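Remarks on the structure that follows.
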Amino acid sequence: MENSKTSLSELIKLERPNWQHQPKNALSAANAVTTLKQVHEIVNGPARLLSLDLEFYCDGQPQMPGTTRLGQIAGRVYGQNDAFNYYVFSSKMTPKDQLSLLKRLDLRYSEAERLTVASVLKKVLRFIDRVQPDYLVSWDNRLDLSVLNQEANRLQLAETSRSWTRIQPLDLEKIISSDVFEKSSGISLARMCDLLQLQHPKPHLADHDVLMIDKILQFYALDLNKILQSTTIG
């Protein structure tokens with residue numbers, strides 16, 4: 001979390017609904033990834049991977065009941081400690097959700113009000129521009145990217161300013177489901193962690209989920225055939 005005093009002019013700039021973000025690069029030149037063999041090659045190559053995960057809350061306002069909204073967004077550069085983790089606090093949350101978040105973050109209500117979707121997305125865009133990832137890694141990205149773009153629509157953020165849309169997506173869950181389990185129904189991140197014997201004590205928290213995605217990438221970066229052969233010979 002960034003705890004810094006923000007001037008009135010900066011706050012106005014953050015909250016302006018039609019804010020324009022100037023992209024620094026064109027569409028990613030990275031190739032699409034559909035197999036674990038390709039994942040192995042990429043994680044052992046020069047490409048930069050950014051794992052991304054979102055968590056949500058349901059809009060508690062009577063006029064938009066049950067609408068899925070962005071509650072937390074976290075990202076981590078594969079193999080590095082370069083990461084971000086931001087929560088959103090909103091009047092559209094139910095009082096119960098608000099109280100839960102205030103307790104989790106140990107913030108006053110007035111402090112939490114600064115955690116708007118607009119301010120959070122600006123920080124995420126700055127991170128992406130600095131890191132310049134080749135791949136955007138996720139665990140089942142359908143809902144994540146859909147909600148992310150819905151929030152951008154509400155903020156009237158231009159399509160050309162959404163830098164996450166210019167990064168080659170790598171849906172690790174989809175690849176593993178197809179390549180390993182030969183099914184399309186999918187597998188949960190928690191179940192995958194169990195299979196790999198990875199400790200995942202805090203599922204459904206975005207910052208912990210991206211850490212697990214990073215560890216799964218580390219597993220598939222290994223040369224499993226070489227490890228198996230050395231174990232058999234030994």
Side-chain angles (χ1 to χ4, degrees), residues 27-28 30-43 47-59 66-79 83-88 97 117 120-121 124-125 127-128 131 133-154 162-221:
L27 290 171
S28 170
N31 295 321
V33 179
T34 59
T35 68
L36 284 173
K37 181 180 179 181
Q38 292 172 320
V39 171
H40 175 80
E41 293 170 350
I42 288 170
V43 295
R48 179 163 291 190
L49 287 72
L50 173 64
S51 296
L52 186 74
D53 189 75
L54 278 66
E55 296 298 331
F56 316 99
Y57 71 90
C58 286
D59 195 322
T67 301
T68 303
R69 304 296 296 263
L70 172 63
Q72 182 191 9
I73 182 169
R76 173 176 289 273
V77 179
Y78 170 69
F84 65 82
N85 177 37
Y86 300 118
Y87 288 89
V88 170
D97 287 340
V117 174
V120 164
L121 287 189
V124 171
L125 288 172
F127 186 96
I128 291 175
V131 171
D134 299 291
Y135 290 93
L136 192 64
V137 186
S138 60
W139 193 267
D140 189 1
N141 62 20
R142 290 170 295 178
L143 181 59
D144 287 14
L145 296 183
S146 173
V147 171
L148 193 57
N149 282 305
Q150 286 174 18
E151 296 290 9
N153 290 339
R154 293 186 185 101
R162 306 177 191 187
S163 55
W164 60 81
T165 65
R166 301 192 301 275
I167 309 170
Q168 181 69 251
L170 195 165
D171 189 336
L172 193 56
E173 184 272 341
K174 183 178 180 180
I175 295 171
I176 291 175
S177 294
S178 173
D179 210 340
V180 177
F181 300 104
E182 297 183 349
K183 64 177 184 178
S184 58
S185 58
I187 179 172
S188 70
L189 181 59
R191 177 56 179 155
M192 189 65 195
C193 289
D194 288 341
L195 291 174
L196 296 181
Q197 297 185 342
L198 297 174
Q199 296 297 319
H200 188 12
K202 296 183 179 180
H204 304 302
L205 285 178
D207 51 328
H208 290 271
D209 283 352
V210 293
L211 182 59
M212 292 301 107
I213 293 173
D214 192 274
K215 291 184 177 181
I216 293 172
L217 286 172
Q218 290 176 35
F219 174 80
Y220 284 108

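Quantities reported herein were computed from a predicted structural model and do not represent experimental measurements. These numbers come from the heavy atoms of this one structure, side chains and all, not from hydrogens, waters or symmetry mates.
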- Query: After noting the C-alpha distance and the side-chain angles of N85 and L205, does the key distance pass the side-chain contact (heavy atoms from CB on, under 4.5 Å) rule?
  - Reply: CA-CA 10 Å; N85 177 37; L205 285 178; over 6 Å; no
- Query: Just checking, any donor-acceptor pair under 3.5 angstrom between side chains of Y135 and Q168?
  - Reply: no
- Which atom pair, heavy atoms only, marks the closest approach of L70 to Y57? O-CE2, 3.3 Å
- Query: Can you tell if the side chain of I216 reaches within under 4.5 Å of the side chain of I176, non-hydrogen atoms only?
  - Reply: yes
- Query: So which heavy atom on L50 is nearest to which on V77, and how close?
  - Reply: CD1-N, 4.0 Å
- Heavy-atom donor-acceptor pair, D214 side chain to G79 backbone, under 3.5 Å: yes
- Message: Taking the side chain as everything from C-beta on, heavy atoms only, tell me whether F84 gets closer than 4.5 Å to L52.
- Response: yes
- Task: Calculate, to the nearest 0.5 Å, the distance between atoms CZ and CD1 belonging to R76 and I213 respectively.
- Result: 11.0 Å
- Query: Is any side-chain heavy atom of Y86 less than 4.5 Å from a side-chain heavy atom of V124?
  - Reply: yes
- How long is the span from the NZ atom in K215 to the OG atom in S51, to the nearest 0.5 Å? 13.0 Å
- Please round to the nearest 0.5 Å and tell me the distance separating atom CG of D194 and atom CD of Q199. 9.0 Å
- Task: Carefully, step by step, assess Y78 and R48 under the rule side-chain contact (heavy atoms from CB on, under 4.5 Å).
- Result: CA-CA 7 Å; Y78 170 69; R48 179 163 291 190; over 6 Å; no
- After noting the C-alpha distance and the side-chain angles of L145 and L54, does the key distance pass the side-chain contact (heavy atoms from CB on, under 4.5 Å) rule? CA-CA 9 Å; L145 296 183; L54 278 66; over 6 Å; no
- Could you check D171 against D140 for side-chain contact (heavy atoms from CB on, under 4.5 Å), going step by step and ending with a plain yes or no? CA-CA 6 Å; D171 189 336; D140 189 1; 4.2 Å; yes
- Note on the structure: Closest non-hydrogen atoms of R69 and R154, given as atom of the first, atom of the second and distance, are NE-NH1, 3.2 Å
- Are W139 and I187 close enough that some pair of their side-chain heavy atoms sits under 4.5 Å apart? yes
- Query: What closest approach, in Å, do G186 and S177 show between heavy atoms, and which atom pair accounts for it?
  - Reply: CA-OG, 3.3 Å
- Query: Any side-chain heavy atom of L198 within less than 4.5 Å of one from F219?
  - Reply: no
- Note on the structure: When rounded to the nearest 0.5 Å, the distance separating CG of L49 from CD1 of I167 is 10.5 Å
- Item | Considering all heavy atoms, the nearest E151-V117 contact | CB-CG1, 4.0 Å
- Query: Does any N or O in the side chain of H40 come within less than 3.5 Å of the main-chain N or O of Y220, such that one atom is a donor and the other an acceptor?
  - Reply: yes
- Item | Validation row: D209, H200 side chains within 4.5 angstrom (heavy atoms) | yes
- In Å, rounded to the nearest 0.5 Å, how long is the span from CD1 of I73 to CG of D144? 8.0 Å
- Message: Testing the 3.5 Å rule here: is there a donor-acceptor pair between the side chains of N149 and W164?
- Response: yes
- Message: To check you understand the geometry: which heavy-atom pair defines the closest contact between N141 and P169, and what is its length?
- Response: ND2-CB, 4.1 Å
- Query: In Å and rounded to the nearest 0.5 Å, what is the CZ to CD1 distance from R162 to I128?
  - Reply: 12.5 Å
- Query: Do L189 and E173 have side chains that get closer than 4.5 Å, going by heavy atoms?
  - Reply: no
